[in-house]
Amino acid sequence: MERSEVKNILDQELKDVRLSHELKERLRNRAFYRKSSQTWKAFMACAAVLILGGTTVFAGYHMLNRIQVNEEVLPELDSMMIVEMNAPKGAENEFGILKKDYRDYSDLKRELGTKLLDSELSGEHPYMLCHLQTDPESYAILRIDNFILGDTRHYQYMEDVNSYSYEHGEVYFSPVSLKAELILGEEQLALGWDTDYLGMYRFVEQYVSAQGYRVNLVEDTIDVEPPEAYVSEKAAVFVADGIRYTLTGRVSCDTMKDIVDSMK
């Protein structure tokens, strides 16, 4: 069979592939560095098929800590650096990765002992979903869903998907979530940490926040004329004290900029 025929077959089959959230995160963020294992090799082989098949599942990486949107390399942010973190309590899995949930952001910060940005807009509420994933020698990813509620309301927990339903407000069409990415070791620092937004996304602008952070603003798009009330999802990405933060939510660009300015 000709190489072009093989490529066409792979492309056709991959059109129907729906990546799980976890796999998409692994492909988007090259933080999952670990000594080789048979399972890890199998995963990398799968990723290689997705690349070599000629699809747009993800693009090649060439620069350390690069962020790109559909192969458009975004302006450089401030540098990520090695940060210190207390070893969290809990058992690592077979890959040496520890996953742990927390009641709220304060509990997470207290256990890790790392200086992390917070916002006065967040406040005390019972709807946060906080999760830590770390290889304690290399990296840590902190995810805080429903970090800022704004004027959203009527939250109800959906146990089957570990998430909350809600009603949007006039300013916040969704709550705003927070992600923090930490480099913990020399090997991860040398590897870098690239991030790729693929598909229905576009780069809006880079600007400097009130604190002096360089911020890349990205938003999602739709391929039809949006309804009048449609509010795109924004992602504001910046680095502070060597840690990369991403704020995500369906708010206006101005509101997202205000939220970034509130991070101290």
Side-chain angles (χ1 to χ4, degrees), residues 14-25 27-29 55-59 67-75 77 119-123 125 127-129 131 143-158 160-181 195-210 213-238 244-263:
L14 285 168
K15 286 181 181 179
D16 298 325
V17 171
R18 293 185 179 273
L19 299 178
S20 69
H21 176 72
E22 182 178 357
L23 180 54
K24 284 190 287 186
E25 285 297 319
L27 293 175
R28 176 177 289 178
N29 297 297
T55 69
T56 57
V57 175
F58 73 79
I67 298 176
Q68 65 178 24
V69 175
N70 294 317
E71 299 185 355
E72 175 189 359
V73 179
L74 303 193
L77 299 176
S119 170
E120 62 184 10
L121 300 175
S122 180
H125 63 80
Y127 306 119
M128 278 189 190
L129 294 171
H131 181 74
R143 302 182 189 282
I144 300 89
D145 291 336
N146 306 328
F147 177 60
I148 297 174
L149 302 184
D151 59 351
T152 57
R153 56 191 178 271
H154 298 159
Y155 277 75
Q156 293 187 343
Y157 183 64
M158 299 180 293
D160 56 334
V161 291
N162 188 31
S163 184
Y164 282 94
S165 64
Y166 58 87
E167 292 184 11
H168 72 77
E170 298 299 317
V171 178
Y172 287 70
F173 272 64
S174 78
V176 171
S177 295
L178 174 67
K179 178 170 70 173
E181 297 164 316
T195 298
D196 207 349
Y197 291 86
L198 298 168
M200 307 301 286
Y201 291 97
R202 76 177 188 92
F203 173 56
V204 178
E205 64 172 312
Q206 182 178 89
Y207 72 96
V208 178
S209 72
Y213 309 138
R214 288 183 284 181
V215 184
N216 282 339
L217 194 60
V218 174
E219 70 175 348
D220 70 356
T221 62
I222 55 178
D223 56 4
V224 296
E225 186 67 24
E228 185 176 349
Y230 178 76
V231 177
S232 64
E233 183 179 75
K234 312 297 190 304
V237 189
F238 63 95
R244 187 163 64 198
Y245 295 88
T246 303
L247 290 157
T248 307
R250 294 191 178 278
V251 295
S252 70
C253 289
D254 287 341
T255 298
M256 183 59 79
K257 289 179 179 181
D258 289 341
I259 294 170
V260 172
D261 287 345
S262 74
M263 297 293 292

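FYI, the numbering just counts along the sequence from 1.
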With sequence neighbours excluded, what pairs up with Glu120 under the salt bridge (charged side-chain N to carboxylate O under 4.0 Å, His left out) test?
none
Closest non-hydrogen atoms of Tyr197 and Ala235, given as atom of the first, atom of the second and distance, are OH-CB, 4.1 Å
Is the backbone N or O of Lys179 less than 3.5 Å from a side-chain atom of Arg143, with the two atoms forming a donor-acceptor pair by type?
no
Could you tell me the separation between the CG atom of Asp254 and the NZ atom of Lys234, rounded to the nearest 0.5 Å?
9.5 Å
Taking only residues two or more places apart in sequence or in another chain, which ones pass ring pair (Phe, Tyr, Trp, His ring centres under 6.0 Å) with Phe203?
none
My understanding is that only one of Thr152, Leu149, Asn146 makes a side-chain contact (heavy atoms from CB on, under 4.5 Å) with Tyr164; could you say which?
Asn146
Interatomic spacing from OG in Ser163 to OH in Tyr155 - rounded to 0.5 Å
9.5 Å
Check: Val237 and Leu77 side chains under 4.5 Å, non-hydrogen atoms:
yes
For the atom pair CG (Leu217) and CD (Glu205), what is the distance rounded to the nearest 0.5 Å?
5.5 Å
How many angstroms lie between atom OG1 of Thr255 and atom CZ of Arg250, to the nearest 0.5 angstrom?
14.5 Å
Which atom names give the shortest non-hydrogen contact between Met158 and Ser165, and what distance separates them?
CE-N, 3.7 Å
Return the CG to OG distance between Asp145 and Ser177, rounded to the nearest 0.5 Å.
4.0 Å
Run the side-chain contact (heavy atoms from CB on, under 4.5 Å) test on Asn70 and Arg202 for me, step by step, so that the C-alpha distance in whole Å, both residues' side-chain angles and the decisive distance to 0.1 Å come before the verdict.
CA-CA 8 Å; Asn70 294 317; Arg202 76 177 188 92; over 6 Å; no
Side chains of Ser209 and Phe238, heavy atoms from C-beta outward: is any pair under 4.5 Å?
no
Nearest atoms (heavy-atom pairs only) where Phe173 meets Ala229:
CE2-O, 3.5 Å
Could you check whether any side-chain heavy atom of Asp258 comes within less than 4.5 Å of a side-chain heavy atom of Leu121, counting everything from C-beta outward?
no
For residues Asn216 and Tyr207, determine if any side-chain heavy atom of one lies less than 4.5 Å from a side-chain heavy atom of the other.
no
On a heavy-atom basis, which atom in Asn162 and which in Tyr157 lie closest, and how many Å separate them?
OD1-OH, 2.7 Å
Nearest 0.5 Å, what's the CG-CD1 distance between Leu247 and Ile148?
6.5 Å
Are there over 12 heavy-atom neighbours, none belonging to Glu170, within less than 6.0 Å of that residue's CD?
no
List the steps and the verdict of side-chain contact (heavy atoms from CB on, under 4.5 Å) for Ile67 and Arg244.
CA-CA 11 Å; Ile67 298 176; Arg244 187 163 64 198; 4.1 Å; yes
